[in-house]
Amino acid sequence: MSVKDPRIDVYISSSTDFAKPVLLHLRKIIHKACPGVEETVKWNMPYFMYKGILCSMASFKSHCAFTLWKGNLLKDPEKILDVNREKAMGQFGRITTVRDLPSEKILITYIQEAMRLNDDNVRAPANGEKERK
């Protein structure tokens with residue numbers, strides 16, 4: 001059973017107007033992909049825990065970011081992950097609208113692969129390590 005953290009409700013409601021639908025959409029998809037996910041706040045941002053850190057999201061003045069904690073290790077059949085994070089903090093670039101995100105089906109696939117890495121106790125790569133297995 002998933003656990004929601006009221007601090008994330010506050011985070012979303014305090015975000016700029018463009019960010020609210022993006023953050024709500026991401027939160028809904030994360031919970032759909034991982035029914036056992038637990039929410040928390042780390043480093044002043046929403047984090048989602050499943051046998052360790054699974055992913056995080058953040059909003060800034062002009063964009064949002066979505067980060068899969070072990071994104072460097074994910075297969076990327078859609079060729080959409082910015083594992084070098086050249087465009088933004090997360091692997092999905094600067095997100096300003098829900099349309100900037102991949103489809104719900106694709107996001108769920110990536111989140112569930114990240115869950116499998118946590119299930120298998122795969123460690124996150126060391127800082128700066130970019131190689132994908």
Problem set entry | Distance-only donor-acceptor check, side chains Asp119 and Tyr50, under 3.5 Å | yes
For this session: To the nearest 0.5 angstrom, please state how far the OG1 atom of Thr96 sits from the CG atom of Leu101.
Result: 9.5 Å
For this session: Treat each ILVMFWY residue as a node, draw an edge where side-chain heavy atoms are under 4.5 Å apart, and state whether Val3 and Tyr47 are in one component.
Result: no
Problem set entry | Contact check, side chains of Ile111 and Phe66, non-hydrogen atoms, under 4.5 Å | yes
Exercise. Within a strict 4.5 Å, meaning less than it, do heavy atoms of the Tyr110 and Gln91 side chains meet?
Worked result: no
Problem set entry | Lys20 side, atom NZ; Ser13 side, atom OG - distance, nearest 0.5 Å | 6.5 Å
Exercise. Side-chain heavy atoms under 4.5 angstrom apart, residues restricted to Ile, Leu, Val, Met, Phe, Trp, Tyr: same cluster for Phe18 and Met57?
Worked result: no
Exercise. Heavy-atom distance under 4.5 Å between the side chains of Glu38 and Asp5, does that happen here?
Worked result: no
Exercise. Can you check whether Ser59's main-chain N or O pairs, donor with acceptor, with Tyr11's side chain at less than 3.5 Å?
Worked result: yes
Problem set entry | Nearest atoms (heavy-atom pairs only) where Leu74 meets Ala114 | CD2-N, 3.6 Å
Exercise. Nearest 0.5 Å, what's the CG-NZ distance between Asn121 and Lys51?
Worked result: 8.0 Å
Exercise. Does some side-chain heavy atom of Ile80 sit less than 4.5 Å from a side-chain heavy atom of Phe92?
Worked result: yes
For this session: May I ask whether Val10 and Val41 are part of the same hydrophobic cluster, defined by side-chain heavy atoms of I, L, V, M, F, W, Y residues being less than 4.5 angstrom apart, directly or through others?
Result: no
Identify each donor-acceptor pair in which a side-chain atom of residues 21-32 lies under 3.5 Å from a protein atom, sequence neighbours left out, and give them as a table.
| residue | atom | partner | partner atom | Å |
| --- | --- | --- | --- | --- |
| Arg27 | NE | Glu39 | OE2 | 2.7 |
| Arg27 | NH1 | Asp9 | OD1 | 2.6 |
| Arg27 | NH2 | Asp9 | OD1 | 3.3 |
| Arg27 | NH2 | Glu39 | OE1 | 2.8 |
| Arg27 | NH2 | Glu39 | OE2 | 3.4 |
| His31 | ND1 | Ser2 | OG | 3.2 |
| His31 | NE2 | Glu39 | OE2 | 2.7 |
| Lys32 | NZ | Glu104 | OE2 | 2.5 |

Exercise. Do Lys70 and Asn118 have side chains that get closer than 4.5 Å, going by heavy atoms?
Worked result: yes
For this session: State, to 0.1 Å, how close Leu81 and Gly71 come at their nearest heavy-atom pair, and which atoms those are.
Result: CD1-O, 4.0 Å
Exercise. Looking only at heavy atoms, which two atoms of Ser56 and Phe48 are closest? And how far apart?
Worked result: CA-CD1, 4.4 Å
Exercise. Closest heavy-atom contact between Ala33 and Met115?
Worked result: O-SD, 3.5 Å
Exercise. Is Lys61 close to Thr16 at the side-chain level, that is, under 4.5 Å between some pair of heavy atoms?
Worked result: no
Exercise. How long is the gap from CG on Leu73 to CG on Asp120, to the nearest 0.5 Å?
Worked result: 11.5 Å
